Each structure stands twice: as C-alpha cells, then as structure tokens.
Amino acid sequence: MSQRPYVIDELISAKAIAARIEALSKEIQAEFADTDKLVVVGLLRGSFVFIADLVRELPLPVEVDFLEASSYGNGMESSREVRILKDLRGAIEGRDVLVVEDIVDTGFTLSHVLHLLHSRNPARLKTIALLDKPTRREVDVKADWTGFEIPDEFVVGYGIDFAQRNRNLDHIGKVRFTDTDAQS
Ligand code: IMP
Ligand code: MG
C-alpha cells in the first residue's frame, strides 16, 4: 500500500502534555495512596511513552505490566473486533490495577480489556487515557481520568502511530493529507 502524502500539525505541545500528567498524577496518587499492591498496566503499543512519563510522576510502589490488544491494524478505522495479542505477565487477582490507554475512540478496545481484567477479580480497576474522542464513541465506556478531549481528528505522536510511524514525536499532532483538498 503506498502512503498518501501528509503533514503533521501540532495539536498538543510536549509542555502541555507534561503539565497535564503532573496534575493527573496527583489525583492518581490520592486514589491509590492507601495501597502497596498497585499494578500499572500499559496497553501496547500506543501507551508506552505515556506510561513511562506517568509512572515517573507517581511516588508510589508500583509494578508495571503490559497487555497488547489489536483493533486498528494499519488503517485509520477501528476493526471493532478486539484480539489479545499479548497478555499480562502477572496475576491481578486482589491487586489494584490502573489501565493506561493512549486514546479512547470507538471504545471497543477499552471496553473489551476492562471486561477481561474485571473477570480476573482485581481489588480495584481504574483507567486513565491520555486522549479521548467522545464524538466517536460507539461503546459506552469512559476512562476514570482523561488527559485531553480532542475532536474527531486522526492523531499521532507521543507513542501514537499512523501505520507504525511517528510514535517518536514528543507532542501530539494531527495528520493532514496534502494530495487533495477534497479529501481529509
Ligand atoms: P477504539 O477501540 O476505537 O476505542 O480504539 C482505540 C485504539 O485505536 C487506540 O488505543 C489507538 O491505538 C487507536 N486509535 C484511535 N484513534 C487513533 C488516532 O487518531 N491515531 C492513532 N491511533 C488511534
Ligand atoms: Mg491503543
């Protein structure tokens, strides 16, 4: 598949992301201040930068684990069918769990993952998403904490990809195609 030409316009600066994570980490710290059983679960691959910055703002005893679910493939549309490609290494029964997601879009991924993890009987199950596109929602699910609500734009950077590229941008940008004005 040849890639249509595009540019990336900045939507959220690295500085704004850092400030938001600092504020959110205080709320998370308050929620989990009473536990030494916290497992922070990053959903691969999009959350890897976010979880790295988030856990370093949490002065709590945390374990870090990862789960990989697929829904997007290489395209720009959710497949609506969620598969677990890589499961957690550790058991979460009786543990306090914070799921870290990059974006909640249709909601299929987060909803599927939460059902799965809930069935393993954690003591507490909370979620944080860096980004939320509420106008795209098809499944009724919402993260307990959200970094930024964004409009229906395809975004990249800060861990988030378009066809596996642009994860290494330090900010969030939106993809704008340059080959035609008629399509976006
Ligand atoms: P959902 O299942 O439709 O909520 O999709 C969630 C997943 O799709 C996210 O974790 C992302 O990996 C991916 N995704 C959703 N929107 C975007 C986007 O704008 N850019 C890149 N990936 C996205
Ligand atoms: Mg994802």
Side-chain angles (χ1 to χ4, degrees), residues 1 3-14 16-17 20-21 24 39-55 64-88 97-119 125-179 183-184:
M1 185 184 89
Q3 180 61 64
R4 290 172 61 196
Y6 63 91
V7 295
I8 296 167
D9 300 325
E10 182 170 290
L11 188 63
I12 306 170
S13 70
I17 296 169
R20 186 69 183 125
I21 291 176
L24 287 167
V39 190
V40 182
V41 171
L43 301 192
L44 292 172
R45 283 171 267 178
S47 75
F48 80 102
V49 176
F50 181 35
I51 192 175
D53 282 347
L54 183 67
V55 294
V64 174
D65 205 343
F66 293 97
L67 186 111
E68 183 169 12
S70 79
S71 69
Y72 256 54
N74 264 352
M76 293 176 94
E77 271 301 316
S78 170
S79 65
R80 288 168 180 73
E81 190 188 289
V82 183
R83 287 180 301 139
I84 300 299
L85 301 179
K86 181 205 168 295
D87 206 340
L88 298 176
V97 177
L98 175 66
V99 174
V100 180
E101 173 62 309
D102 56 354
I103 310 180
V104 186
D105 185 41
T106 62
F108 279 98
T109 306
L110 187 60
S111 150
H112 183 93
V113 167
L114 290 179
H115 276 108
L116 174 72
L117 298 185
H118 188 72
S119 74
L125 183 57
K126 298 280 182 183
T127 55
I128 180 168
L130 179 66
L131 304 174
D132 188 355
K133 296 186 201 170
T135 60
R136 297 259 308 161
R137 199 73 88 255
E138 294 179 31
V139 178
D140 185 22
V141 64
K142 195 174 189 337
D144 296 291
W145 296 278
T146 297
F148 303 88
E149 286 197 356
I150 59 169
D152 181 9
E153 301 275 3
F154 197 83
V155 295
V156 293
Y158 199 72
I160 300 166
D161 73 301
F162 174 31
Q164 299 309 325
R165 298 289 176 86
N166 308 300
R167 293 190 195 272
N168 53 332
L169 283 180
D170 69 353
H171 60 277
I172 300 286
K174 55 183 180 183
V175 169
R176 179 164 52 88
F177 291 104
T178 52
D179 54 350
Q183 289 172 282
S184 66

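The model shown is predicted, which means the values in this text are computed figures rather than measured ones. Just so you know, ligand 1 is whichever comes first in the structure, and atom 1 is the first atom listed for that ligand.
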Enquirer: Please step through salt bridge (Lys or Arg N to Asp or Glu O under 4.0 Å) for the pair E68 and K86, ending with a clear verdict.
Expert: CA-CA 5 Å; E68 183 169 12; K86 181 205 168 295; over 6 Å; no

Enquirer: Y6 and F162: aromatic ring centres closer than 6.0 Å?
Expert: yes

Enquirer: Show the atoms of ligand 1 that are less than 4.0 angstrom away from any heavy atom in K133.
Expert: 16 (N), 17 (C), 18 (C), 19 (O)

Enquirer: Is it true that atom CG of D140 has more than 12 heavy atoms of other residues, nucleotides or ligands lying nearer than 6.0 Å?
Expert: no

Enquirer: Are any of the N/O atoms on V155, whether in the backbone or the side chain, positioned under 3.5 angstrom from an N/O atom of ligand 1?
Expert: yes

Enquirer: Any luck finding a side-chain donor-acceptor pair between R45 and Q164 under 3.5 Å?
Expert: yes

Enquirer: Please list, in number order, the atoms of ligand 1 under 4.0 Å from a heavy atom of T106.
Expert: 1 (P), 2 (O), 3 (O), 4 (O)

Enquirer: As an exercise, identify every atom of ligand 1 less than 4.0 angstrom from a heavy atom of F108.
Expert: 2 (O), 4 (O)

Enquirer: Is G107 near ligand 1, meaning one of its heavy atoms is under 4.0 Å from it?
Expert: yes

Enquirer: Within the 4.0 Å heavy-atom shell around E153, which atoms of ligand 1 are there?
Expert: 19 (O)

Enquirer: Heavy atom to atom 12 (O) of ligand 1, shortest distance: which of V175, N166, D102 holds it?
Expert: D102

Enquirer: Table please: side-chain donor-acceptor pairs of residues 141-148 below 3.5 Å, with sequence neighbours left out.
Expert:
from, atom 1, to, atom 2, distance (Å)
D144, OD2, T127, N, 2.8
D144, OD2, T127, OG1, 3.4
W145, NE1, E27, OE1, 3.1

Enquirer: Would you mind running through ligand 1 and noting each atom that sits below 4.0 Å from a heavy atom of I160?
Expert: 20 (N), 21 (C), 22 (N)

Enquirer: Can you tell me if H112 uses its side chain to pair, donor with acceptor, with the backbone of F108 under 3.5 Å?
Expert: no

Enquirer: Holding to side-chain hydrogen bond (donor to acceptor under 3.5 Å, both in side chains), I want the full list of residues that pass it with R176, two or more places apart in sequence or in another chain.
Expert: D9

Enquirer: Quick test of your reading of the structure: of V139, I103, D161, L131, whose heavy atom lies closest to atom 7 (C) of ligand 1?
Expert: I103

Enquirer: Considering only heavy atoms of T109, which atoms of ligand 1 have at least one such atom less than 4.0 Å away?
Expert: 1 (P), 2 (O), 5 (O), 6 (C)

